[in-house]
Amino acid sequence: KMYDVILTESSHIWACSSLFTQEFYEIVKKRLNPGGIYAIWLPYYEMDSEDFAIIMNTITSVFGHITEFDFGNDIILLASDHELRFPDGVLLQKLDDPLVRKSFSSVKEIEEEDDLSDLTFLQKHYIPDVKAYISANFANITAMHTDDLPILEFRTLRHMYDKFSG
């Protein structure tokens, strides 16, 4: 069966690291319709910057385009083989839906940015060119997470409380 969108929300990378491997991303890609999008939530609070770079190296080895919404402790990635650009106003138009607006307001409140306009909030957290960001900040990290070398399974477990300890 083929899908337009596949979404994963794996809470602990160390507990289900196989959902972050190059091989898993290849399986997801094969199940996407042309123009399909893979959306993944990342618990950034359980990893350090090198763990994040490893995930990014891995997913970008399979998908040509990655868009990121970075909310500090939580990251949402949209992966596809086509460029993901949102036409002006389309994101704000979606906020007219009462259920979407309610969820969006909750995110703004959690981020302690509920005083920002919806547009400002979106612009602040939207990173359209993740590959350039990775190249600029993590060029020295080339490792990838694979079935044969599941390094995140051990790294993220080791770092899961780093951000909460002084």
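As a basis for the values below, the full set of heavy atoms in this structure was taken, side chains included, without hydrogen atoms, waters or symmetry mates.
Contact of the Met56 side chain with the Leu77 side chain is registered, since non-hydrogen atoms from C-beta on lie closer than 4.5 Å. In this structure, Ser10 and Phe20 have side chains that are in contact, with non-hydrogen atoms separated by less than 4.5 Å. Ile59 is not listed as a side-chain neighbour of Gln22, based on a closest heavy-atom distance of 4.5 Å or more. For the pair Phe69/Leu78, a side-chain contact is recorded, criterion being any heavy-atom separation below 4.5 Å from C-beta on. The shortest distance between side-chain heavy atoms of Phe63 and Ile37 does not fall below 4.5 Å. With a 4.5 Å cut-off on side-chain heavy atoms, Phe24 and Ser17 do not count as touching. Here the side chains of Ile40 and Ile76 are not in contact, with every heavy-atom distance at 4.5 Å or above. Residues Ile13 and Ile55 are in side-chain contact: their nearest non-hydrogen atoms beyond the backbone lie under 4.5 Å apart.
At most 12 heavy atoms of other shown residues, nucleotides or ligands fall within 6.0 angstrom of atom CD in Glu112.
Tyr25 and Ser61 share no side-chain donor-acceptor pair at under 3.5 Å.
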Note to self: I'd like to know whether Met47 forms a side-chain contact (heavy atoms from CB on, under 4.5 Å) with Leu42, so could you lay out the CA-CA distance, the side-chain angles of the two residues, the decisive distance to 0.1 Å, and finally the verdict.
What the structure shows: CA-CA 9 Å; Met47 60 181 90; Leu42 294 176; 4.2 Å; yes
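Between the Lys29 side chain and the Val62 main chain, a donor and an acceptor come within less than 3.5 Å of each other. One N or O on the side chain of Arg31 and one on the backbone of Lys1 form a donor-acceptor pair closer than 3.5 Å. Side chain of Asn57 to main chain of Met144: no donor-acceptor pair is present (N/O by atom type, distance under 3.5 Å, no hydrogens or angles). A donor-acceptor pair is defined here as one N or O able to donate and one able to accept, closer than 3.5 Å; no such pair exists between the side chain of Asn33 and the backbone of Gly36.
Between Arg155 and Glu50, the shortest heavy-atom distance links the atoms NH2-CB, 3.3 Å. Across all their heavy atoms, Ala139 and Ser135 have their closest contact at CB-O, 3.3 Å. Summarising the geometry of Ala143 relative to Ile151, their closest heavy-atom pair is CB-CD1, 3.8 Å, with the distance given to 0.1 Å. Contact record, Glu9 with Trp41: CG-CE3, 3.6 Å, taken as the closest heavy-atom pair.
Partners of Phe71 by ring-ring contact (aromatic ring centres under 6.0 Å, His included), not counting sequence neighbours, listed by chain and number: Phe121, His125. Glu26 meets the salt bridge (Lys or Arg N to Asp or Glu O under 4.0 Å) test with no other residue; sequence neighbours excluded.
When each of Thr8, Ile66, Leu7, Val5 is paired with Tyr38, the side chain to side chain contact (heavy atoms under 4.5 Å, CB included) condition holds for Thr8 and for no other.
By the rule that hydrophobic residues join a cluster once side-chain heavy atoms approach within less than 4.5 Å of another member, Ile27 and Leu152 end up as members of separate clusters.
Identified under the side-chain hydrogen bond (donor to acceptor under 3.5 Å, both in side chains) test for residues 138-151, with sequence neighbours left out: Thr21-Asp147.
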